[in-house]
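Convention: sequence-line order gives letters A, B, ...; per-chain numbering from 1.
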4 protein chains.
Amino acid sequence: MSRKPNTEARRAEIIRALQSVMATHGYEKATIQAIAKEAGLAPGLLHYHFKSKQEILVSLVTSLADYGQRRFEQIAGKAESPMDLLNAYLEARVGLGDGAAAEIVAAWVMIGAEAVRQAEVREVYQRAIATELELLSELLANCLRERQRVTTGSRDLAAALLAMMEGAYQLASATSGIMPVGYAAQSALRHAMLSIDAAPLATAS
Amino acid sequence: MSRKPNTEARRAEIIRALQSVMATHGYEKATIQAIAKEAGLAPGLLHYHFKSKQEILVSLVTSLADYGQRRFEQIAGKAESPMDLLNAYLEARVGLGDGAAAEIVAAWVMIGAEAVRQAEVREVYQRAIATELELLSELLANCLRERQRVTTGSRDLAAALLAMMEGAYQLASATSGIMPVGYAAQSALRHAMLSIDAAPLATAS
Amino acid sequence: MSRKPNTEARRAEIIRALQSVMATHGYEKATIQAIAKEAGLAPGLLHYHFKSKQEILVSLVTSLADYGQRRFEQIAGKAESPMDLLNAYLEARVGLGDGAAAEIVAAWVMIGAEAVRQAEVREVYQRAIATELELLSELLANCLRERQRVTTGSRDLAAALLAMMEGAYQLASATSGIMPVGYAAQSALRHAMLSIDAAPLATAS
Amino acid sequence: MSRKPNTEARRAEIIRALQSVMATHGYEKATIQAIAKEAGLAPGLLHYHFKSKQEILVSLVTSLADYGQRRFEQIAGKAESPMDLLNAYLEARVGLGDGAAAEIVAAWVMIGAEAVRQAEVREVYQRAIATELELLSELLANCLRERQRVTTGSRDLAAALLAMMEGAYQLASATSGIMPVGYAAQSALRHAMLSIDAAPLATAS
DNA sequence: TATGAATGAGCTTTCATTCAT
DNA sequence: AATGAATGAAAGCTCATTCAT
């Protein structure tokens, strides 16, 4: 009698198509027509499932943030020590990826630029970054504790590592050869370890 | 009798106007009308001095790269030791800036996104990044040499620091409070020093 | 076993929903989606019960015309003298109404505008107006006869009163405070009475 | 050297074109393309001279209101007595018009409908109506004074006449033969005179 | 050099209508 | 009878670019 809803599946398809088109053409040039074509849908359908183009973008941001979380949890499953967890995190973020990874990274760079100029995008982007910062900060603190170091600097260190990763995304997407994304994982890890070792010992109080 | 040519001055004004509009609205929304208004010029004049809108953007990229060079040289003038020079470099790139700095930083982030999708922009962007990498690499090698360390890792370290700075630009522009630009200078410097100290000693060969 | 046909009930619901949406948004902005939502029905159902959106509009016009007739007959039931009947008519048309009345009045104004541009709507609208004119004309003639006046001018007077009422609908819907609908009843009645009194006496021929 | 602005002339052309298209097709169907074609201009030019389609509509409303004022003043120039002035006013509003008049009348009817649903249009429409009411009220008061009548009812009478005229516009535009516009002038005048004569005498206070 | 009007392609969005279920 | 997804043709609006002055 009644037709069954398929909105969620369609929304996912559309979001994925936006990610794909944005990666190479940017947000402005990711026209509704282009996204529809990429998804193999009629253009009008996009506005049936989404109120506006911007809503697709916002959905993409949260979708990518969620994907990052899931990927970390997946890799972290096998980890045991705090150091393994940190490693898993960096791997999940900047580990050597397949073809899809490059697309995600480029899309994320475009999102970053949109976050600068669109308040609605900035909001979700900021939330995603804050969550990352929180998580990374905690992972670092655990590493520091394990080695009996003070955890005072963990948040600053997390911010530095986060910046390094975001910058690696940018450079990997916009330049060729100068800095591969995967390469950033090593740098970040090295930086983390040097900083952890350099942190003062926590004295028993 | 003859009109005094003011093309260079006009071009500079227009480039500056693009930078200003891009910082808040991005490249696509930086319309010729908006740029003209910001520069206090008639819209038609922009296409008299530039062949296309993209040409203004390309000019802005080289203009900003040159500005960065000049700023470093200016600050570096007082420097004596390799460490002072490195410090000067980081200061020039991510040192505490005034209001204008935030605009430049945001514009640079937008340029980074455009470099991903426009080949012409990518070319000049890449050249600018390569030059930076070269310079920073050299500065780091000098520091390493001064401390009798091997210089093998200087280029990788430079890449990591560059990524950190670019990422700091991004986060500073798109989030509030999470990561101020100026803050990146300290992180980068700390990272540099830790890495230098951790580098193996150069043995006399 | 057999499904109970409810087409008529559904049609009425849909017509009522169009009236409601049109009152505030006009005909063009009364989208099928909006009408369906107002009626609490699925959008697709509207085209099952009506061939087109315009058909709903045409049905609304006749529906409102019928409603007007019924309302008059209802109020007129208690009337005895020609003057009472005239009074009843004006009361039915522009008498103080409840909330629903404002909606009906506004919808009628929108219908009037559509009648100007859509031939199909104009046809039924014109028929409705002609019927009104006929009725009012007759009511006035009766009043004139009762007072032994010539009935020559009754049709012109009816037209003037009709115009006044339509204009009152318009002003009541588009302005606030300047002219309440209910207020028009008094003006029309006064005009009618003055005109009746001023009409020449019918001489026995 | 510089091109001289012609915005005012162009705006007038565009406004006139909207009036023309609206008269037969209504506001929604008066597309930018249609208006441009009617005016013999490129579609894009309309948005160069007007920020939005609605702004053209609002301009048309004030333009028509101004035109009405000028027309009255022109006709009133020859008038001497208060009665002549009243006559001139009604003539200016509903007097037999040429072809252009029918267009203006139809356009005004469409504007009335838009005023119901668009706040911005309602505002200027309301202002125009209020001005008319004020003027007509004053004219009627003068007539009453001349005949030593109390002026208490002048505003109510003005409202009734205004409604009658607006209704005549509607009926004249949407029906054929039932009520010509020009015919309303006589009805209104007759109503005015009957009311004036029926008004109580002003006693010397 | 400089102005600002003009052009037209292309954008996002809306929507009546159709149709598979 | 009923559902809600799907379609595609417009709609209003934007904008780089051109051009007459």
May I ask you to say what D:L45 touches in the nucleic acid, namely base, sugar-phosphate or nothing, with a heavy-atom cut-off under 4.0 Å?
-> base
What nucleic acid atoms does D:K29 come within less than 4.0 Å of, heavy atoms only: base, sugar-phosphate, or nothing?
-> nothing
From NE2 of B:H47 across to P of E:dA2 the rounded distance in Å is 16 Å
Watson-Crick or G-U wobble partner of F:dA9, both distances under 3.5 Å = E:dT14
Ignoring backbone atoms, establish whether D:S52 has a side-chain N or O less than 4.0 Å from OP1 or OP2 of F:dG12.
-> no
Check: D:R11 side chain, D:F50 main-chain N or O, donor-acceptor pair, under 3.5 Å | no
Could you give the CD1-to-C1' distance, from B:I35 to E:dT3, as a whole number of Å?
-> 18 Å
How many Å lie between CD on D:E55 and P on F:dT14, as a whole number?
-> 11 Å
Map C:Q54 and A:P43 onto DNA chain E by nearest heavy atom, then report which one ends up closer to the 5' terminus.
-> A:P43
Residue closer to the 5' end of DNA chain F, A:A42 versus D:Y27 (nearest nucleotide) | A:A42
F:dA1 P sits how many Å from C:R11 CZ, rounded?
-> 12 Å
Spacing of A:L41 atom CG relative to F:dA6 atom P, expressed in whole Å = 7 Å
Upstream residue (5' side of DNA chain F) when A:G44 and D:E28 are each assigned their closest nucleotide | A:G44
Determine whether the side chains of B:Q170 and A:Q170 contain a donor N or O and an acceptor N or O closer than 3.5 Å.
-> no
Please give, in whole Å, the distance from F:dA20 C1' to D:Y48 OH?
-> 13 Å
Paired to F:dA16 by Watson-Crick or G-U wobble criteria (both distances under 3.5 Å) is E:dT7
Using modelled atom types only, decide if a donor and an acceptor are shared between the side chain of D:K29 and the backbone of D:A34 within a distance under 3.5 Å.
-> no
Should D:N6 be listed as having a side-chain N or O under 4.0 Å from OP1 or OP2 of F:dT21?
-> no
side-chain N/O C:R10 vs F:dA2 OP1/OP2, d < 4.0 Å = yes
Atom CD of A:Q33 and atom P of F:dT7: how far apart are they, to the nearest Å?
-> 13 Å
Tell me which nucleotide among E:dT17, E:dT12, F:dC19 gets nearest to the side chain of C:K53.
-> E:dT17
Residues C:R117, C:E28: salt bridge by 4.0 Å N-O rule = yes
F:dA10 phosphate, OP1 or OP2: any side-chain N/O from D:T31 under 4.0 angstrom?
-> no
Name the pairing partner of E:dT21, where a pair is Watson-Crick or G-U wobble with both distances under 3.5 Å, or state none.
-> F:dA2
Run the salt-bridge test on C:R10 and C:E13 with the 4.0 Å N-O cut-off and return the result as yes or no.
-> yes
Atom CG of B:L46 and atom P of E:dT1 are separated, to the nearest Å, by 15 Å
